[in-house]
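The structure appears right after this line, and notes come after that.
In what follows, chains carry the letters A, B, and so on, assigned in the order in which the sequence lines appear, proteins first and then strands, with residues in each chain numbered from 1. The structure displayed is predicted, hence computed values, not measured ones. Values reported hereafter were calculated over all heavy atoms of this structure, with side chains retained and with hydrogens, waters and symmetry mates removed.
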Amino acid sequence: MPGARELILEVRARTKPGDVIAIAVPFTKWDQGYSYLFTRALYPLTGRVVLPLIDEHDRPRADNLARANVVAAYRCEPHLAGFAVVWRGRDGMLLRRVP
Amino acid sequence: MIPELCAIALALAVGIPLARMLNFLRVSASPRDNVSLLTGEGLLLGIGICAATPALLPWSRWFIVPALLVIAGLSAWRSAGSSPPGPPPAPSRWALLFYALALIALIGYALYATVAPPPEFDYLTNWGFKAKAFFEVRSIDWQFLGKAIYFNVHPDYPLLLPLTYDFIAILRNGWSDAHLGVVHVAFATALLLVIHGAALEETRSRLAAAFITAALVPFAATPWIGLAEGPFVAFATSALLLIRRGNMALGAILLGLAASTKNEGLALIVAAALGLVCARRARDVIRLWPAVAIPLPWLIARSLHSLSTDIAAGGVIARVVDHLRNPMQLIAAIASVSLGKPLLWIALAIGIVIVSRTLATRERFLMVTLVVQFACYIGAYLATPFDLAWHVTWSWERLVTHLTPALTYVVLTSLIAWHDASEPAAQS
């Protein structure tokens with residue numbers, strides 16, 4: 001996934017310990033791309049809580065989105081109510097929950 | 001790389017006097033505990049102690065380093081009366097060749113292990129992930145372990161390796177994974193030193209010891225940098241070799257450290273106890289108590305924090321029965337994965353056939369231990385809550401490496417003894 005590592009490192013730099021980060025990617029299947037980015041995000045984002053937006057059975061996890069105060073989006077532009085784009089890069093963007 | 005090297009130096013400074021002291025306390029202590037054996041034992045013991053310090057002390061080098069130096073000083077003072085290692089006999093040219101081979105292979109391993117940060121998936125989602133998460137909060141983060149949402153975090157796995165990485169981060173006062181592979185080189189070296197020392201005492205031949213050491217480099221230098229396989233193989237193999245020689249105190253401590261590295265170490269304690277009973281050394285079973293005492297605090301803490309264990313998740317018996325009803329599923333899964341090097345297994349099988357009588361009698365402890373441990377691994381597959389083929393595919397090759405070094409060592413030493421015994425007979 002080109003640019004994914006740089007995106008995650010940007011996300012780390014722009015979040016703080018304790019933030020709850022949901023990972024958004026253009027893939028809707030766990031085993032067809034989603035798990036790759038999600039699992040690779042865990043190690044660089046230690047100190048934050050990293051949550052998937054789908055589970056291992058490809059079911060959407062709306063509860064995880066409700067918990068998140070930050071969304072890291074790789075090569076997609078999710079339109080999420082209650083979130084605003086706070087940073088945009090070449091391979092993704094960071095959205096933060098607005099009060 | 002300076003903090004990594006300082007960590008190894010501290011481990012040696014603490015471990016060698018402690019190993020000397022424990023050898024000195026042995027009733028049947030060898031008066032000539034050799035340098036390589038003592039250094040290998042000391043390095044393993046020292047790494048175990050260094051890894052324990054973050055669990056006991058504040059996460060600051062200003063607390064941890066002085067505490068380790070005090071331990072090193074006290075154990076050096078306590079072991080001052082013990083006999084120093086005997087002078088090594090002069091090596092032959094062939095022995096030097098095998099030493100050079102082993103050294104070149106180890107240098108290659110060191111380059112491989114440190115060329116980049118550990119890239120393994122299990123490092124990024126388990127061993128290294130936990131270490132890094134703990135270092136963020138400068139303590140064992142029980143909340144993190146209790147709420148881990150990804151299954152591969154395995155919160156029930158023991159923490160010796162993550163805490164070893166944290167020990168280095170504490171010395172550095174910051175997290176860097178660039179050279180963490182040095183830890184694995186240290187474990188491989190320690191195991192090879194123990195193997196060399198044990199072989200030297202047993203065969204009384206520099207050439208044989210050098211050959212066995214060189215032959216076992218590929219087993220000690222595991223390819224999975226960042227994972228617990230290398231440390232576990234080092235602790236477990238050294239423990240079994242020492243217990244086999246009657247060095248119960250150090251062997252049991254290293255067995256406890258193996259159980260603090262991987263859950264498979266807990267099964268190995270039971271396997272070793274059964275091995276001792278079958279080898280008519282039932283009295284020694286009680287002397288394995290350090291092996292139980294060392295991982296016990298972790299087991300209690302794990303239970304108090306209700307950390308989930310996937311293999312023991314509900315319905316174990318139903319899963320075992322189900323898998324036993326379809327044994328071909330497991331056999332097909334095992335048949336589909338790599339066994340490693342076919343030539344090695346053929347050579348090992350021929351060796352086993354040649355010295356089968358010795359293995360069944362003189363080496364009963366080790367052989368029974370390895371067989372029981374292997375049976376435990378098969379039992380774990382039968383109880384797995386995961387897809388059997390998936391579980392076997394991603395673990396079989398690593399599990400086999402747990403048992404291969406000890407088996408190869410004992411086959412090689414038995415073959416050398418068999419050769420030595422048959423040669424004078426042929427000459428006469």
Side-chain angles (χ1 to χ4, degrees), chain A residues 1-9 11-25 27 29-72 74, chain B residues 59 116-155 157 159 161-163 165-166 169-170 174-178 180-181 225-227 310 313 385-387 389-391 393-394:
Chain A
M1 288 188 185
R5 179 176 159 75
E6 291 76 8
L7 172 70
I8 297 299
L9 293 178
V11 171
R12 180 173 176 90
R14 291 166 193 280
T15 53
K16 56 186 187 302
D19 275 342
V20 181
I21 304 170
I23 303 292
V25 297
F27 319 110
K29 302 274 188 197
W30 180 261
D31 284 329
Q32 291 173 21
Y34 191 91
S35 69
Y36 185 89
L37 191 73
F38 169 70
T39 54
R40 265 65 179 184
L42 294 172
Y43 182 77
L45 294 178
T46 45
R48 293 86 175 134
V49 178
V50 183
L51 297 175
L53 289 177
I54 59 171
D55 68 13
E56 286 145 11
H57 305 288
D58 306 327
R59 291 177 299 220
R61 291 293 303 267
D63 55 330
N64 283 345
L65 182 60
R67 280 180 63 193
N69 67 329
V70 175
V71 174
Y74 171 72
Chain B
W59 287 39
E120 292 278 350
F121 182 75
D122 281 1
Y123 171 83
L124 297 172
T125 58
N126 182 352
W127 307 104
F129 181 39
K130 272 185 252 187
K132 192 163 178 261
F134 294 168
F135 190 71
E136 294 268 354
V137 294
R138 304 293 197 277
S139 71
I140 297 173
D141 192 343
W142 296 106
Q143 205 181 1
F144 162 82
L145 290 175
K147 291 183 177 176
I149 54 162
Y150 186 53
F151 80 96
N152 207 45
V153 174
H154 292 300
Y157 281 15
L159 297 179
L161 183 61
L163 291 178
Y165 295 150
D166 283 322
I170 291 167
W175 181 265
S176 169
D177 51 16
L180 278 184
I225 304 302
L227 273 56
D310 43 29
F386 303 111
D387 175 68
W390 175 88
H391 198 168
T393 300
W394 293 108

Checking B/F135 against chain A: side chain, backbone, both or neither under 4.5 Å from a heavy atom?
->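 Interface part for B/F135: neither.
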With only heavy atoms counted, which part of B/I149 is less than 4.5 Å from chain A, the side chain, the backbone, both or neither?
->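 Contact with chain A involves the side chain of B/I149 alone.
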Test item: [X] and [Y] side chains (from C-beta on) under 4.5 Å apart, heavy atoms:
X     : Y     : answer
A/I8  : A/L45 : yes
A/F38 : A/F27 : no
A/L65 : A/V71 : yes

Considering only heavy atoms, which portion of A/V50 lies under 4.5 Å from any heavy atom of chain B: side chain, backbone, both, or neither?
->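 When you check distances to chain B, only backbone atoms of A/V50 fall under 4.5 Å.
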Taking 3.5 Å as the threshold, show me the donor-acceptor pairs across chain B and chain A, one per line with distances to 0.1 Å.
{"residue": "B/Y123", "atom": "OH", "partner": "A/Y43", "partner atom": "OH", "Å": "2.7"}
{"residue": "B/K132", "atom": "NZ", "partner": "A/Y43", "partner atom": "O", "Å": "2.8"}
{"residue": "B/K132", "atom": "NZ", "partner": "A/T46", "partner atom": "OG1", "Å": "3.1"}
{"residue": "B/E136", "atom": "OE2", "partner": "A/R12", "partner atom": "NH1", "Å": "3.2"}
{"residue": "B/E136", "atom": "OE2", "partner": "A/R12", "partner atom": "NH2", "Å": "2.6"}
{"residue": "B/E136", "atom": "OE2", "partner": "A/T46", "partner atom": "OG1", "Å": "3.0"}
{"residue": "B/W175", "atom": "NE1", "partner": "A/Y43", "partner atom": "OH", "Å": "3.1"}
{"residue": "B/D177", "atom": "OD2", "partner": "A/Y43", "partner atom": "OH", "Å": "2.7"}

If you compare all heavy atoms of [X] against all heavy atoms of [Y], which two are closest, and at what distance to 0.1 Å?
X      : Y      : answer
B/V153 : B/F129 : CG2-CE2, 3.7 Å
B/P118 : B/I225 : CB-O, 3.7 Å
B/A131 : B/P162 : CB-O, 3.3 Å

With sequence neighbours excluded, residues passing ring-ring contact (aromatic ring centres under 6.0 Å, His included) with B/F134 =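 Once residues adjacent in sequence are excluded, B/F134 has no partner under the ring-ring contact (aromatic ring centres under 6.0 Å, His included) criterion.
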